[in-house]
Each structure stands twice: as C-alpha cells, then as structure tokens.
Protein chains: 4
Amino acid sequence: MGGKNLRIGILGASGYTGAELVRLLQDHSEASIAWMTADRNAGQPIGALFPHLAHLNLPALRRFEDVDPAAVDAVLCCLPHGLTQETIAALPRGPKVVDLSADFRLRDSDLYARVYGGPHKALEVQKDAVYGLSEHYRSAVARSWLVANPGCYTTTAELPLVPLLAHEIIDTRGIVIDAKSGVTGAGRAAREGSLHAEVSEGIHAYGVATHRHGPEIEQCLADFAGRPVMVTFTPHLVPMNRGILATIYARLADGASAMDAQRALQQAYADEPFVRVLPLRSTPATRHVRGSNLCLIAVHPSRVPNEIILLSVTDNLLKGASGQALQNLNIMTGLDERMGLSQTPLFP
Amino acid sequence: MGGKNLRIGILGASGYTGAELVRLLQDHSEASIAWMTADRNAGQPIGALFPHLAHLNLPALRRFEDVDPAAVDAVLCCLPHGLTQETIAALPRGPKVVDLSADFRLRDSDLYARVYGGPHKALEVQKDAVYGLSEHYRSAVARSWLVANPGCYTTTAELPLVPLLAHEIIDTRGIVIDAKSGVTGAGRAAREGSLHAEVSEGIHAYGVATHRHGPEIEQCLADFAGRPVMVTFTPHLVPMNRGILATIYARLADGASAMDAQRALQQAYADEPFVRVLPLRSTPATRHVRGSNLCLIAVHPSRVPNEIILLSVTDNLLKGASGQALQNLNIMTGLDERMGLSQTPLFP
Amino acid sequence: MGGKNLRIGILGASGYTGAELVRLLQDHSEASIAWMTADRNAGQPIGALFPHLAHLNLPALRRFEDVDPAAVDAVLCCLPHGLTQETIAALPRGPKVVDLSADFRLRDSDLYARVYGGPHKALEVQKDAVYGLSEHYRSAVARSWLVANPGCYTTTAELPLVPLLAHEIIDTRGIVIDAKSGVTGAGRAAREGSLHAEVSEGIHAYGVATHRHGPEIEQCLADFAGRPVMVTFTPHLVPMNRGILATIYARLADGASAMDAQRALQQAYADEPFVRVLPLRSTPATRHVRGSNLCLIAVHPSRVPNEIILLSVTDNLLKGASGQALQNLNIMTGLDERMGLSQTPLFP
Amino acid sequence: MGGKNLRIGILGASGYTGAELVRLLQDHSEASIAWMTADRNAGQPIGALFPHLAHLNLPALRRFEDVDPAAVDAVLCCLPHGLTQETIAALPRGPKVVDLSADFRLRDSDLYARVYGGPHKALEVQKDAVYGLSEHYRSAVARSWLVANPGCYTTTAELPLVPLLAHEIIDTRGIVIDAKSGVTGAGRAAREGSLHAEVSEGIHAYGVATHRHGPEIEQCLADFAGRPVMVTFTPHLVPMNRGILATIYARLADGASAMDAQRALQQAYADEPFVRVLPLRSTPATRHVRGSNLCLIAVHPSRVPNEIILLSVTDNLLKGASGQALQNLNIMTGLDERMGLSQTPLFP
C-alpha cells in the first residue's frame, strides 16, 4: 500500500456501481479508498451490504456529513440522478470528481429541464463538466476537474457511431439503436419490475421513444457530426445481470461502403486499450466482456443496399459505468489509463 | 375419449415442437394421438424423452416404417428441414398435413434453392402447399391438404405488419425487424451454442443479414403489399427458453399516423381469438404469452417524425410453431379454431 | 358458463398465488369467479397487475369492504400470514373457505405463538380448521368448512414421508429434509433479496434451523407416526421461479428395506391423480411438474446401510399452494378432485 | 513480461478449466504461458474457442505432438478423466505437474478400478501423486512433482469437515453432504442434459449414492479422522453456471458443541488466504465467491440436539478446479501461494 498515492472517496457506495468501483480499485496500483459513504448504512462494513467484498480490508461506510471531501484526491460519485448536482456543487474545489449520475451530462439547460422534469440546480458547475466518453473527449477530460460519466446505453451506442459520423461514412438521419440491457442497469432498488420472477424467462421493451438516454446520445453524436442528429432509440430488458448489446441500423453516405465503415472503426480504435473492432460480420456477445472494461464492435453489411448494421457490446457496470469512471479518473490524474482496468472477462 | 374423432399422427415427436403438440392435444376435445414416430427412440414411451409427459396415457414411440399414415385423419410433421419434403411427398393422399419445417414455405423454387442451399425435391407437392399464417390465409388453409406452418420469427413479425401493408399505412421500404428469441428456437439438438453456460447471462445477434426467415417474411409481406418488400431482419439469442419479441421500425405512408396504424390493427384483429392489439404505447413481454397461442401487438409513435415502432410477442413453440400448427389443423378440419389452444399463459 | 354453479371469491388476488388460482379456474368446468379483492388496486382489472391474464373476461379487483362474502359458495384466501386469521373469523358462516396462509395450520396455540411471534387471534376458528394435505386428510377436508392449506415446503416433504412413517418403514429420528425452492415462494413483494441480480447465478441456504415450516412438518408427521417427530429442515433459494425439490435422508426401521419403502409409496399413491411414485432410483426434476399439480417421488437406497434417500418435487404455486387449494375446494364441495387441475406440465 | 520466469504448458485448453487457467495466469506476475494444446482445434487462436480471451496476447493452440513438455517448468493438465493417466506417465520428468482430472486422486488401485470402471494404467506414477487439497496437504504438495487436484464437490465438502474430524468434534458416522452445483461442472461437452432449455428453471439430483466424488471425499476424511469414514453424498444440478454449495449435516461428538466447531474452523483457517470462516449462523451464497478462489464456511446449530449444519461455498472453476490448481502450482514452485489468485469476486 506504500505506493498508493491517490486517495479516493466514493459517494454512495451501497449500489452496484459503488461496489464495482471497490472491486476495480483492488487492482489499482496507485489508488486507495480513503472513505465511502452510504447514509442509511453508515457504520456498517461494506461486507454487510456486499458479502463478496467482506474479506477485503476497507474502511467502514460513513455518512456524507462525516467524511472530509478535501482530504481526498478524487471523488467518485454514485449518488442518484437529481440528488447529485447540489452535492457536487457544494464540494470543495480541489479533488477531481467523476459523476456517474446523469446530472451533468446534458449541456443544454432547457433540454435538461425537459428530459429530467425540472430545472438544473447547479448550472454554474454544469459549465465545468466534461462529457466523459473517454476515447473521444480524452483531452478535455484530462484538463477538467468534473467529468460527467456517460450512461451505459449511450456509451455502447456512441462508440461505434462517433467515428462513422465524424468521417461522414453514415447519414445523420435514419439511425436506429435497438439496445438490450441486463437488469443491473436498474440498480439495486427493490422494485417489483426488477424481481427475479418478473425479469427471468422473458424480454420486453421499455421507455420506447421516451428513454432519457436518447437526447444524451444525440448531443454526443452532434458533437462529431457537426450538426444535429436525431436517433430512434429503444431499450429492452434482458434476463441477465450484466451487459448491453446495441444493434444499430444506419444508412451509408453516398459512395460509402461497409468496408469503409470497418476501416474507419479499425483506425479510430487501433490504439485504444478497451475498444476492439472485430473482423467484418462478427457477432460479439455481452458475456464475452463481462467484468471487463472492453467494448467489442462489429460491422455487417445489411441485406438492404447502402445500409449497415453495427453491433456493440459492453458490460454496463464497467465501460458503461464504473469502469469508464475509473478510466476517466486515470486520465484526469495523469495515470496510465488502464490502471485497475485490466480484468480479463469472466466467462462463463 | 369416445367423442374423439380426429386421429392424429405426429412425425418426429422427440423434439420440443413434438412434445408441445402432445401437451396441447391433451386439451383438445376432438383429437386423439394415434401414433408418434421418433426413429432413434422407437419402442420407448415418450416419457423416457420428456418426463413431463410420462404420466399421460400415450402410445409408445415408433419408427416411421411401423406406422400407417393412411390410418389417421391428420399428420403433424415435426421433422428437420430438408428431410421433410420427400417424406411428405411419399405420404398417401388423404390425411391433412401440417408441416412445421421450412420445406414448403417458399413458393419460388429458385429462391428456395438459394436460401436452403440446394434444389427442392418435391416441387409438385410444393404447389399444393398453403402458407399457414392462420389469420391471413385462413380460407386457403381451410381448402388445402398441406399447410406449410410459418416460422417463429416470421409469424411474430408478419402479424403486426400484414394489416399495415395491406392498408398502405406504412411504406414497403425501410422496415427493420429486430427480433429476440429464446433458445428453444434452436431445438433440442446437443450443440455447444445451446448449452446453459453458453446462453445464460448474455445476449448476441446471429445470422445477421443472412437468416432464412428474411425471405420468408418478404414473401408473405409482398402477398399483402401487392409488390416486393425488402426487410432488414436481425435475430438475437436471449437467455430464456421460450418467447420471441419483434421490435419493428417502419415509416408511415404519406398522411398516415400512428393512430391510423393502431386502428388498422385493432380492426384487423378485432375478432381474432389469438391476436390482441394492446392500447397505444403498451410494452408487451414474452413472459406474458408463455405457454399460450397468443400474439400481443403494440404500436408506438417514434421520436422521429413519420415513423412508428411496433412490438409483437409470441411463444415461439405455440403461435410460432405447434400452437399455430394445431390452429391450422382445426381450420383444415372444420373444427373450432380454438380447440386445444385455450391454455392461459403461465406466469411467472 | 351456464353450467358453472360454484361461485368463488378470491381474497388477495394481487399476489402470485391469487393469479395462479385465476389461471387454474379458467379450466374448471363448475366454478366461476364472482369477485376478487386487492385493496390497493381496487377498481383495476387484474390485467393491470398480471398482463398474462388481461385477455380473460374477469371482474375488476375490489376492496374487501365492497364484496359480499355471503354471496359466494367458496372463498379462497390469499392474504398474508397474520392478517388472515381475523379476516376469516369475521366471515359469515356459509361459504367454504380454503386459507393459503399459515394462520390456521398449527393446532397447538402455544406452538403457534412461539413460531409466529405472538398469540393467535382467532383460536375458536382455529379449532374448526382442517390441515389440507389432500391425500392424507381427505375425509376431514370433505367435512370441514375451513381448510388450512399446507405450505409449499411442507407438502413436498410430507407426501413422501407420511406413508413411510405410517407403516413404520423409517425411523422417526434422524430425518433430514434438504429443500430447494424457486423464488416465487417469497411472493411478489419488492424486496432486495428477491431481485434478479441477487437471486440469479447463485444458491444459498436461509432460515437454517429456524424456518417456520419445520414445526408444521413435524405436526403432520406426528399425526401419522403416532408420536412426536423432530426433523432437520434446511431451505435453499434456487435461481428459478417455480418448483421445490426436497431431498430427504431417512433411516430405515429394523428389518425394512428401500424396496419396502418403494412398495409402500406405490401402494399409498396408486389411485391418486396427482402423486406419482417413479421407479426406484429415478431423479425427478422440478421442471417436469411446472405448471401442474403433480408431485413426483423417487426412492434411492443410500451408500450407507439402512438408510434411504427420498426425492420429491412439486410446483410450489400448484401442489404447494393454489393447486392444492383448488383440490381441497373440490373435495369440500363434492366435485371431482381433478377439476381445474389437469394442466399438463409446461416444459421447457 | 521480463520477470516472468515460470513457463507454463496447458494440456487441454479447450474446456472451461483450461480457459479459466488462462484467465488466472494473466494476473500472475511470475508465470507465462509457453504453450497450450487442444488437439481438435490446433492452429487456432484460443479466441476462436473463447472470444472473451481473444484480446489477449497468447500462443496459438497446438497439438500435443507439437509441443515440448521438457521446455516448460510446469504442466497444468486439463485432459478428460481416463485419458490423462497415460499422458502424464509419458511426460518427461522435470516439469511440475498439476492434474485436474480424477485420474490420480484415489490411492487405492482396487477402489479406483471399481469407481472408474477399469484398472488404472499408470500405477507406478500414481504412487508419486499427492492429493492437492492445498490447505491440508501443503507440505506434501510442496515436495511433490505431481499433484492430483481435488474435485469440485470434494474440495467444497472437505474444507469444512477436515478440521472437525481431525479434532474429533464430529462423529465419523452420519455425515450427510447435500451438494448443489452449477452446470460448468459438467464441462463444455455438447450434451442434451447441459442445454439451457434442460437446465434452466429447475433443479434435480443426479448420481444419487453413486457419484464418484463420494469415495474421494471418504479417502480424504479418513486421512484426518484416522479411520474409515463413510458419507452420504448427493449432488444436484442448479440452473447457474458457476458455484457449489455443500450443505452438510453432522453429529457432534460427545461433549462437543456448535461453538467448538466454530472455534476449530476459525483456528484451522485463521491464516489461510482463501478460506473464510463466517460468524456463526451465517448463510454464504455461491454468488459471493464467483470468479474467486475463496471458500466461505458457516456453522449452524441444528434444531436437533447434538447435530450441526455446515455450509460451504466455492466457485467450482476456481477453488474447485483451476484456482486450486494454480494454488498448488505456486506451492510446488515455492512462490507466494496467492499469486494469480487475488481476483475479487464478481457480483452480481
């Protein structure tokens, strides 16, 4: 532990993303956990909530009031949407902050108010926030003190789309994102819809045409397309715990081919440690990235001329949440981006 | 049992569709099983293969050579693709035949050869075959001796699309069918890709742009659109046993609205016992039709103007296979179409 | 519907056992549902809570205050433990009542108070209650107005043990019941421990040495052994929705053999429609009784001399709850015991 | 890689245990994989068989004939039972060998012949083999060149029982081991019984009173009890991929208490990195050790006087196979026993 110079505080460690951060940080050679908060479970060891972490040597959970945010180098914030903005606004400046909630993702305050049902309460801080799709906002992330970590669906959809829009290989119109997620995306809250008996042996769509990740995806894609993008986005709940698969339908730009898409993606991610572009016509499975920060991408020519199908898989708790958060923290602190993120996927 | 006048023979009773026919026929007041074949398991009771049927009073499995096809009123054929066509061609004329394989579904012999990798071996019989999407080919089914029972993906996709194309509410171009299936769609064959450890806790696409149900869907849709239709069709394997969800993206015809689609579907299926059109913006789940012959359909306006999203769910072994086969048999024999098919879905 | 003379009221139809009763009653030729209560969801159709029942023609859910218990021939009570006793005590005498809760199962009021943490509030009614393990208390059930329907674990364990104790083939001492249940046994309440992410991909024991079904089993076994019986009982939660497997270890009485056990069980259940004794050394699976009222039992000689292993499987929502409740109701009303209970198991 | 001095060869890398070894070795600071064999897949990258390993930098799979066993420091053998003994007998002496098959576990050649259905073919090598339950045979393992890695059920059962028998806290008679396993215990072979549709949503016992791990457990327990031990052992297949739970029923020796058992286990494993004795009456879950080499143990007093219930969980692919194999290899080569085995469990 002697060499661990990066002191970390975790706000809201009682959920799946918090627990996953704890897991990842065990493999980080420079970071140590200084404190973790979980207001309703303050005083308990994290093993009381997450028995799989009980054998680790970790500080007990504490109330937010009882920790010193200024005493850490970085804060990883896993608080719920809506509650996060004021908490982060009230933090002392100094520690780097990665926020895993949606609170600082949308730059347009009107759009935020419309999508999240009320005005933003920390607009001055919002101005500082950088959207943390690591591979495409890396230099801005490196310079910022506050990163808005992208959503799980959005990350999985944006990684294949950004290079193709940036290079004008696909049209900005007609993009359809049919996404499938495991149930941990809904968090650990005790809700009827997340019960084993309600989730297993079945699949259904939800949030059709209304899910909040739609506008977030569009904001990111517009950054790289250079003009507004409107997408069709349909999330589905799959009877599994982890993983997101985005099946994306796109129209090729005039003169572009599926091979152009393949090449553009290979080039974009050639040096990236966590994004792998598979050979043309591959079919990645979410189970093959489980527990890792990897995103696997594949390109398929469609039966319909001038269209392609993109497949993209992540572990929603890793590249879709805690993994990318740690990746961003590494970037913000000048560390090797891969630190704490070299876990080999667990299969089966 | 005295009143059971419809003697049934089942060819290939060792697979899931065969076993499901046996289950359904227990609830049929007019039909009785005269014989069942399973060449490799001849001589055994079906309970040796399917312990959930062991308590039923059923004839032992027999070899095809040892049964008399002429002694039954109807044959339900659950043999594998490719092996079926010659078997059915060799049957004596007399019994009604419902074929659950793909062998007689495609009317165009060139298309068949291309899709299934070789020439059809019973083209003269193919001419007699009627495509058995019960709700839309009912009168032809009623007159035929041979019904080609539709595929599971195709049924689930065709039911919402046919009325909308027939009434020109959606365009023939731009239809995207993103379909998700449980693993029984792959049958009971012992294959690595169907193992629990390879299927659970994950999702992946397969047969992208190449799956054989694509051309079958197009043939059916063209029948009602009055001109060729090309669709994008992507199947996915979901970690569940039963169920198909088709998420379908379509463009509205000029002047048409999502409400027009809703009304057209409600009207088309108002008197159908097995197809239920849910209120606008509903999200049907496959688990809510499990074990039943139901198809649930919902319409959603898209975020993108002039587009709609259709959701359709079936149990792939019922409306997607054995249930529709029995429905067709009821139609062919002049019985109440619902006989043997009134099972309430099993949930959870 | 003309012939349906048995009017049924269901108290507490918003849980899994209530929904399962609704499903079973669709197949009952004599019974019709007059009313269903669900206080918090009064006014809604049951399809709002259970979409798999939405297509059925059923009365809307009502508040208890708004139904007339005297207007039905039978009440099936699916209210929670503890809340049930006073409700049933306050019902008008007249309708037959089957109570699916634990409130009237234990005859000894001291034992009840100890096991359920407080005194019974309807002891005078308790005296009328008959324990409803249908096969073994049939004549008492037939004469009673109030049946205490057995628990799911208890039914599964008692059916193999009762005949062996009654015929003194096994010792009353040393019985170990290692039971494994699906998650619907915990009901539909939104609890963290029942979430998909907390239940799937794992197994654990719970209530070790303290589960309330232990004393219930002992009361029943003592009835047939003719003296007190103490059992070791350990329940486990299995990542599945339905089903209970009891693996039972027992010592043979002096001079008795595994074949004696096999014969005694075969004889005991030879004429029973729902209990099947499999050939010696069979291994029944819960999935082979899913959705049915069946109990499958198998006997194994142990490696250890003079010991046997019993395997017993049920669907916890059928023979372990709603199925046996309907079976008891049929007995109480003089109907064919099998009415509404002839569903073939659903597999896979 | 410069510091990686321990060259490893893996025989039979195409199964789950082989793939798991590859995963673990990525985290080992001293070991590198020199070669991997998989006869039917020779020439392919391991990513062709296991896409979750495709991104790693690993040698291609080779045929056994094409590798040089003498060129490595250690061989990890994942070949099937029965095929292993002659292969290992033919290896050059020099490399340390850990055999994950059952071939060298039973020391008594008559017992081996009876249990495995034929005579052992490498009895002279058998004499050198040390049974590799790491915590209890550590010094012998350290001195040996050939370790017979214990089975998954056996490890999970032996770890809680060995200290209690060694200290005479429980009787040697009356031990009942009711064990529940995930499906990877059956390997990756394409068998009907391992299909998703045959495994999910259900549980069943198998190999009742006949499973080969029974004699293996008895051999180990006798080593520490100082006299023969006969156990009742019943394995069950649970619808999950990884994990074993052993629920063990034992009689206390005269004068011994559950607290004595608790203390003896705590003392036995106080300094062990992978075995954790939980507080009295805890209920460990397999999901809380998934992906780790941990074994969690809990003691419960039974309802029955003078009896206790032990709960023990492992990941069958880690402490039950590849993890313990690597642990043994570390012991044999004088390395820190924890190397490559510090993975935090993956939950959910």
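Because the structure is predicted, anything quoted here is derived from the model rather than measured. Residue numbering restarts at 1 for every chain, and letters A, B, ... go by the order of the sequence lines.
In this structure, the side chains of Leu164(A) and Ile308(A) come closer than 4.5 Å at one or more pairs of heavy atoms. By the 4.5 Å heavy-atom criterion applied to side chains, Leu294(B) and Lys319(B) are not counted as neighbours. Residues Val299(B) and Met259(B) fail the side-chain proximity criterion, which asks for heavy atoms closer than 4.5 Å. The side-chain heavy atoms of Glu218(A) and Leu221(A), taken from C-beta on, include no pair separated by under 4.5 Å. Looking only at side-chain heavy atoms (C-beta outward), Tyr116(B) and Leu106(B) come within less than 4.5 Å of each other. For the pair Tyr269(B) and Leu159(B), the minimum side-chain heavy-atom distance is below 4.5 Å. Using a 4.5 Å heavy-atom cutoff, the side chains of Asp315(A) and Leu317(A) are in contact. Inter-residue side-chain proximity for Val162(B) and Cys220(B) is flagged as met; some heavy-atom pair is nearer than 4.5 Å.
Around atom CD of Glu168(A), no more than 12 heavy atoms belonging to other residues, nucleotides or ligands sit under 6.0 Å away.
Each of Met230(A), Arg281(A), Glu198(A) has some count of heavy-atom pairs under 4.5 Å with chain B, and the biggest count is that of Glu198(A). Looking only at heavy-atom pairs under 4.5 Å with chain B, the residue among Ile309(A), Val313(A), Val289(A), Thr247(A) that has the most is Thr247(A). Heavy-atom pairs under 4.5 Å with chain A peak, among Ala285(B), Ala298(B), Gly174(B), at Ala285(B). When His236(B), Arg242(B), Arg173(B) are compared by the number of non-hydrogen pairs under 4.5 Å with chain A, His236(B) comes out ahead.
For Pro239(A), the parts lying under 4.5 angstrom from a heavy atom of chain B are both the backbone and the side chain. In this structure, the portion of Glu307(A) lying under 4.5 Å from any heavy atom of chain B is its side chain and not its backbone. Residue contact with chain B, scored on non-hydrogen atoms closer than 4.5 Å, involves the backbone and the side chain of Val231(A) alike. If you measure heavy-atom distances from Arg290(A) to chain B, the contacts under 4.5 Å come from the side chain alone. Residue contact with chain B, scored on non-hydrogen atoms closer than 4.5 Å, is absent for His288(A).
For a heavy-atom cut-off of 4.5 Å, chain A lies close to Ala197(B) in residues 184-197 of chain B. Against chain A, the residues from residues 249-257 of chain B that qualify, each with a non-hydrogen atom under 4.5 angstrom away, are Tyr249(B), Arg251(B) in number order. Contacts of residues 175-183 of chain B with chain A at a heavy-atom distance below 4.5 Å involve Val176(B), Ile177(B), Asp178(B), Lys180(B), listed in sequence order. Chain B is approached within less than 4.5 Å, heavy atom to heavy atom, by Ile203(A), His204(A), Ala205(A), Tyr206(A), Val208(A), Ala209(A), Gly214(A), Pro215(A) from residues 203-215 of chain A, ordered by number.
The closest donor-acceptor contact from the side chain of Glu20(A) to the backbone of Gly323(A) lies at 3.5 Å or more, if one exists at all. Between the Gln324(A) side chain and the Asn293(A) main chain, no donor and acceptor come within less than 3.5 Å of each other. Listed for the Arg287(A) side chain is no donor-acceptor partner under 3.5 Å among the backbone atoms of Phe347(A). No donor-acceptor pair closer than 3.5 Å links the side chain of Glu201(A) to the backbone N or O of Thr286(B). Between the side chain of Ser282(A) and the main chain of Pro284(A), no donor-acceptor pair closer than 3.5 Å is present. Within the 3.5 Å criterion, the main-chain N or O of Arg105(A) finds no donor-acceptor partner in the side chain of Glu216(A). No donor-acceptor distance shorter than 3.5 angstrom exists from the side chain of Arg23(A) to the backbone of His52(A), with no hydrogens or angles considered. Proximity of a side-chain donor or acceptor of Thr17(B) to a complementary backbone N or O of Ser322(B) within less than 3.5 Å is not detected. Without hydrogens or angle criteria, Gln219(A) side chain to Arg107(A) main chain gives a donor-acceptor distance under 3.5 Å.
Among Ile244(B), Thr156(B), Thr155(B), Leu161(B), the single residue meeting the side-chain contact (heavy atoms from CB on, under 4.5 Å) criterion with Ser312(B) is Thr156(B).
Across Ile169(A) and Ala264(A), no two heavy atoms sit closer than the pair CD1-CB, 3.3 Å. Shortest non-hydrogen contact noted between Thr172(B) and Ala225(B) is CG2-CB, 3.8 Å.
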